[in-house]
*Asks:* 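Pasting a structure here, questions to come.
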2 protein chains.
Amino acid sequence: MIEIAIYNDYQLGLETLTKLIADIPDFRVTLSSRNIEELTQSLKKRKAHILVYSLPDDSLKNLIQISQLKVAFPRMSILILSQNDGDEIIMKAVKSGARGFLGKDSNTNDLKEAILTLRNGYEYFGNSITKIVLNRYITSLDTPEQLPANEIKQLSARQIEILKLWGQSLSNQEIADKLYISVRTVETHKNHIMQKLNLKSTVDMVKFAIKNNIIEI
Amino acid sequence: MIEIAIYNDYQLGLETLTKLIADIPDFRVTLSSRNIEELTQSLKKRKAHILVYSLPDDSLKNLIQISQLKVAFPRMSILILSQNDGDEIIMKAVKSGARGFLGKDSNTNDLKEAILTLRNGYEYFGNSITKIVLNRYITSLDTPEQLPANEIKQLSARQIEILKLWGQSLSNQEIADKLYISVRTVETHKNHIMQKLNLKSTVDMVKFAIKNNIIEI
DNA sequence: ATCAAATTACGTGTTTTACGTAAGTGAATG
DNA sequence: CATTCACTTACGTAAAACACGTAATTTGAT
């Protein structure tokens with residue numbers, strides 16, 4: 001049984017999508033929401049395996065939300081549905097951490113397949129899309145940066161929380177007080193973050209946090 | 001006597017502009033260059049009161065250069081000449097630290113007046129432009145951030161140098177070794193930066209450096 | 001039920017930051 | 001020419017943060 005959360009800011013779209021997915025065997029819709037705040041809160045209580053996220057036509061700021069969801073719920077895969085499937089939007093979706101993308105020509109069967117693919121730990125970007133992603137990815141490899149078999153590891157919610165507070169210029173002591181934990185624990189969290197991400201200095205940690213929309217510049 | 005440096009990447013433009021300004025009484029052109037690197041080096045040896053900077057039509061990265069010149073030579077006022085005088089470009093020029101702007105309709109008299117105005121410590125943005133700047137400025141005031149009569153102070157070249165190295169994740173000791181100074185001095189420089197800019201934490205210092213193109217994210 | 005990761009926390013030694021003080025240099029100004 | 005002001009250099013002392021190791025408990029996933 002695959003547990004699925006659905007986001008769509010358009011009520012009718014949300015309803016039809018929910019019904020569609022709920023009717024597929026082995027798929028269970030555990031959450032459907034039109035509101036990101038609500039979605040986030042509910043996800044904290046009940047995790048989902050997959051988030052199906054309908055991208056409104058306009059929006060770019062939604063991709064920031066996706067980044068944030070991605071860091072908050074690292075084990076959840078995000079599948080984006082979008083009417084607009086231009087190169088730009090797909091690349092941005094990939095960058096913000098989506099693991100799948102379904103363009104305007106996708107059908108129900110594609111949706112089902114995408115969810116299953118994500119559930120098995122793979123990415124899903126429709127056939128025509130794959131080559132775009134691949135091309136750009138290969139291009140990006142030309143840049144001679146060392147990435148020594150080093151996957152981008154994900155932070156835990158708590159780690160992100162600490163990073164966020166620290167990024168707002170709070171001292172370790174202030175963070176500790178706010179979260180009712182020891183200063184030593186705050187330090188430990190920060191140490192873990194640095195180890196996990198293989199960062200050399202706190203400066204790098206700030207940069208990481210900015211790049212990943214964890215703190216505001 | 002006002003000492004003026006001129007930048008224009010177009011040779012013919014540089015020559016005519018230089019000649020024009022040099023012919024104005026009390027104005028002395030001490031430097032004219034088509035190359036930013038050369039300009040920066042020469043300015044280190046001989047400071048100018050005013051830099052007249054001709055903005056190429058296309059360029060946005062030039063505005064980054066202006067930011068950098070501004071921090072490197074805080075006492076020098078930068079006057080921008082630009083064929084393109086849309087809202088966008090003006091606002092960016094202001095943000096990058098230019099103290100004056102002359103659009104496509106300006107004449108020689110305006111140029112002279114602008115230079116004199118800057119020399120007296122004021123800003124010069126042609127009449128039609130002033131209201132744009134003002135409007136946006138007022139809008140920005142709506143954001144309830146505390147700015148307690150606190151002007152944005154400029155860093156010295158040395159301070160920027162330290163900030164830049166530190167922003168590349170070097171430790172104080174490494175910076176000290178690189179610059180052949182004591183660790184204590186590096187610390188002092190950083191303290192001065194924090195005091196001058198009224199920053200609460202090193203996190204803020206990183207943010208400042210990023211915002212001002214001193215370090216790369 | 002079991003195994004991995006997350007959260008909590010301490011010990012110890014080094015580095016950085018906070019804040020004050022201070023000498024020497026150079027540019028600006030009256 | 002004297003004065004003033006910012007800049008660069010540097011030290012002293014105490015507090016805070018960081019590096020690195022260890023470890024008990026809890027939570028999650030399979």
Side-chain angles (χ1 to χ4, degrees), chain A residues 1-3 43-49 71-77 119-121 153-163 165-166 169-177 179-206, chain B residues 1-3 43-49 71-76 119-121 151 153-163 165-166 169-177 179-206:
Chain A
M1 186 63 74
I2 303 177
E3 304 197 341
L43 278 173
K44 280 183 189 164
K45 287 175 204 129
R46 169 144 197 176
K47 305 271 190 296
H49 296 125
V71 273
F73 307 103
R75 299 216 184 79
M76 180 177 73
S77 294
R119 183 62 185 138
N120 289 326
K153 295 187 185 143
Q154 294 294 351
L155 300 181
S156 71
R158 192 60 154 179
Q159 286 165 349
I160 289 165
E161 192 174 14
I162 268 110
L163 191 46
L165 291 171
W166 180 71
S169 307
L170 301 194
S171 70
N172 288 349
Q173 186 61 61
E174 288 171 320
I175 295 168
D177 292 345
L179 301 180
Y180 303 105
I181 55 177
S182 142
V183 186
R184 311 304 308 281
T185 306
V186 177
E187 288 170 9
T188 304
H189 280 301
K190 282 160 72 182
N191 285 338
H192 287 166
I193 293 168
M194 305 258 278
Q195 283 165 23
K196 201 186 263 195
L197 302 172
N198 201 27
L199 303 177
K200 272 179 282 298
S201 72
T202 56
V203 174
D204 287 334
M205 192 153 52
V206 179
Chain B
M1 186 64 73
I2 303 177
E3 305 196 342
L43 279 173
K44 280 184 189 164
K45 288 176 202 127
R46 170 146 197 174
K47 305 272 191 296
H49 296 124
V71 271
F73 307 104
R75 296 216 188 82
M76 181 177 73
R119 181 62 184 138
N120 289 326
E151 291 165 29
K153 294 187 187 141
Q154 294 296 350
L155 300 182
S156 71
R158 192 59 154 180
Q159 287 165 348
I160 290 164
E161 192 173 13
I162 269 109
L163 190 47
L165 291 171
W166 180 72
S169 307
L170 301 194
S171 70
N172 289 350
Q173 187 61 62
E174 288 171 320
I175 296 169
D177 292 345
L179 301 180
Y180 303 106
I181 56 177
S182 142
V183 186
R184 311 304 308 281
T185 306
V186 176
E187 289 168 9
T188 304
H189 280 301
K190 282 160 71 182
N191 285 337
H192 287 167
I193 292 168
M194 305 258 278
Q195 283 165 24
K196 199 186 267 195
L197 301 173
N198 202 26
L199 303 176
K200 273 179 282 299
S201 71
T202 56
V203 173
D204 287 334
M205 193 154 50
V206 179

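Atom set for the values below is all heavy atoms of this structure, side chains included, hydrogens, waters and symmetry mates excluded. These figures come from a predicted structure and were not determined experimentally.
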*Asks:* Determine the minimum heavy-atom distance between B/A176 and B/V183, stating which atoms define it.
*Replies:*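 Result for this residue pair: CB-N, 3.7 Å.
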
*Asks:* Considering all heavy atoms of both residues, which atom of A/L199 and which atom of A/M205 are nearest to each other, and what is their separation?
*Replies:*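 That closest heavy-atom pairing would be CD1-CA, 3.6 Å.
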
*Asks:* Step by step, work out the side-chain contact (heavy atoms from CB on, under 4.5 Å) result for B/K196 and B/Q159.
*Replies:* CA-CA 11 Å; B/K196 199 186 267 195; B/Q159 287 165 348; 3.1 Å; yes

*Asks:* To the nearest angstrom, how far is B/N191 atom CG from D/dA17 atom P?
*Replies:*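 It works out to 15 Å between those atoms.
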
*Asks:* Just report the end-to-end axis angle for the helix from C/dA1-D/dT30 to C/dG30-D/dC1, five pairs per end, to 10 degrees.
*Replies:*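 The end axes of the helix from C/dA1-D/dT30 to C/dG30-D/dC1 are about 60° apart, to the nearest 10°.
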
*Asks:* Taking all non-hydrogen atoms of both residues into account, name the closest pair between A/K47 and A/E3 and its distance.
*Replies:*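 Nearest pair, atom of A/K47 first, then A/E3: O-OE1, 3.8 Å.
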
*Asks:* Rounded to the nearest 0.5 Å, what's the gap from CH2 on A/W166 to OG1 on B/T202? Could you check?
*Replies:*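 It comes to 6.0 Å.
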
*Asks:* Base, sugar-phosphate or nothing for A/N172? Non-hydrogen atoms, less than 4.0 Å.
*Replies:*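 Sugar-phosphate contact only - A/N172 comes under 4.0 Å of backbone atoms but never of a base.
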
*Asks:* Measure from CD on B/Q173 to P on D/dA10 and round the result to the nearest Å.
*Replies:*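 Rounded to the whole Å, the gap is 12 Å.
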
*Asks:* What's B/S201 touching, base or sugar-phosphate or nothing? Going by heavy atoms closer than 4.0 Å.
*Replies:*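 Counting heavy atoms under 4.0 Å across all strands, no contact is made by B/S201.
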
*Asks:* Rounded to the nearest Å, what distance is computed from the CD atom of residue A/E187 to the P atom of nucleotide D/dT22?
*Replies:*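 Result: 18 Å.
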
*Asks:* Start at the 5' end of DNA chain C and walk down; is the nucleotide closest to B/V183 or to B/H49 reached first?
*Replies:*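 The residue mapped nearer the 5' terminus is B/V183.
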
*Asks:* Calculate the interatomic distance between A/L197 atom CG and D/dC18 atom C1'; express it in whole Å.
*Replies:*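 One finds 16 Å between C1' of D/dC18 and CG of A/L197, rounded.
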
*Asks:* On DNA chain D, does the nearest nucleotide to A/W166 precede the nearest nucleotide to B/R184 from the 5' side, or the other way round? Give the residue.
*Replies:*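 Nearest nucleotide further toward 5': that of B/R184.
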
*Asks:* Using the test side-chain contact (heavy atoms from CB on, under 4.5 Å), find all partners of B/R158 that sit at least two apart in sequence or belong to another chain.
*Replies:*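 Per chain and number, B/R158 pairs via side-chain contact (heavy atoms from CB on, under 4.5 Å) with B/S156, B/E161, B/I162, B/L179, B/I181, B/H189.
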
*Asks:* Run B/D177 and B/Q173 through side chain to side chain donor-acceptor pair (under 3.5 Å) and show every step you take.
*Replies:* CA-CA 6 Å; B/D177 292 345; B/Q173 187 61 62; 3.1 Å; yes

*Asks:* Rounded to the nearest angstrom, tell me the gap between atom CD1 in A/I193 and atom P in D/dA17.
*Replies:*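 After rounding, the reported distance stands at 15 Å.
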
*Asks:* Taking the side chain as everything from C-beta on, heavy atoms only, tell me whether A/M76 gets closer than 4.5 Å to A/H49.
*Replies:*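 When only atoms from C-beta onward are counted, A/H49 and A/M76 do not touch, as no gap falls below 4.5 Å.
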
*Asks:* What residues, two or more places apart in sequence or in another chain, satisfy side-chain contact (heavy atoms from CB on, under 4.5 Å) together with B/I160?
*Replies:*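 B/I160 satisfies side-chain contact (heavy atoms from CB on, under 4.5 Å) with B/V71, B/L155, B/I214 once adjacent residues are dropped.
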
*Asks:* Are the side chains of A/K190 and A/N172 in contact, using a 4.5 Å heavy-atom criterion?
*Replies:*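 In contact.
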
*Asks:* Report the residues that fulfil salt bridge (charged side-chain N to carboxylate O under 4.0 Å, His left out) with A/E174, sequence neighbours left out, ordered by chain and then residue number.
*Replies:*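 Listed in chain order: nothing, the list is empty.
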
*Asks:* Report, one pair per line, the protein and nucleotides 6-9 of chain D atoms (nitrogen or oxygen only) whose separation is under 3.5 Å.
*Replies:*
residue, atom, partner, partner atom, Å
D/dC7, OP1, B/K196, NZ, 3.3
D/dC7, OP2, B/K196, NZ, 3.2
D/dT8, OP1, B/S156, OG, 3.3
D/dT8, OP1, B/R158, N, 3.3
D/dT8, OP2, B/S156, OG, 2.3
D/dT9, OP1, B/R158, NE, 3.4
D/dT9, OP1, B/R158, NH2, 2.7
D/dT9, OP2, B/R158, NE, 2.9
D/dT9, OP2, B/H189, NE2, 2.8

*Asks:* With a 4.0 angstrom cut-off to heavy atoms of chain B, pull out the first and last contacting nucleotide of DNA chain C, in 5'-to-3' order.
*Replies:*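 From 5' to 3', the first and last contacting nucleotides are C/dT16 to C/dC19.
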
*Asks:* Quick one: A/K190 NZ to D/dC20 P, roughly how many Å, whole number?
*Replies:*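 Rounded to whole Å, this separation is 15 Å.
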
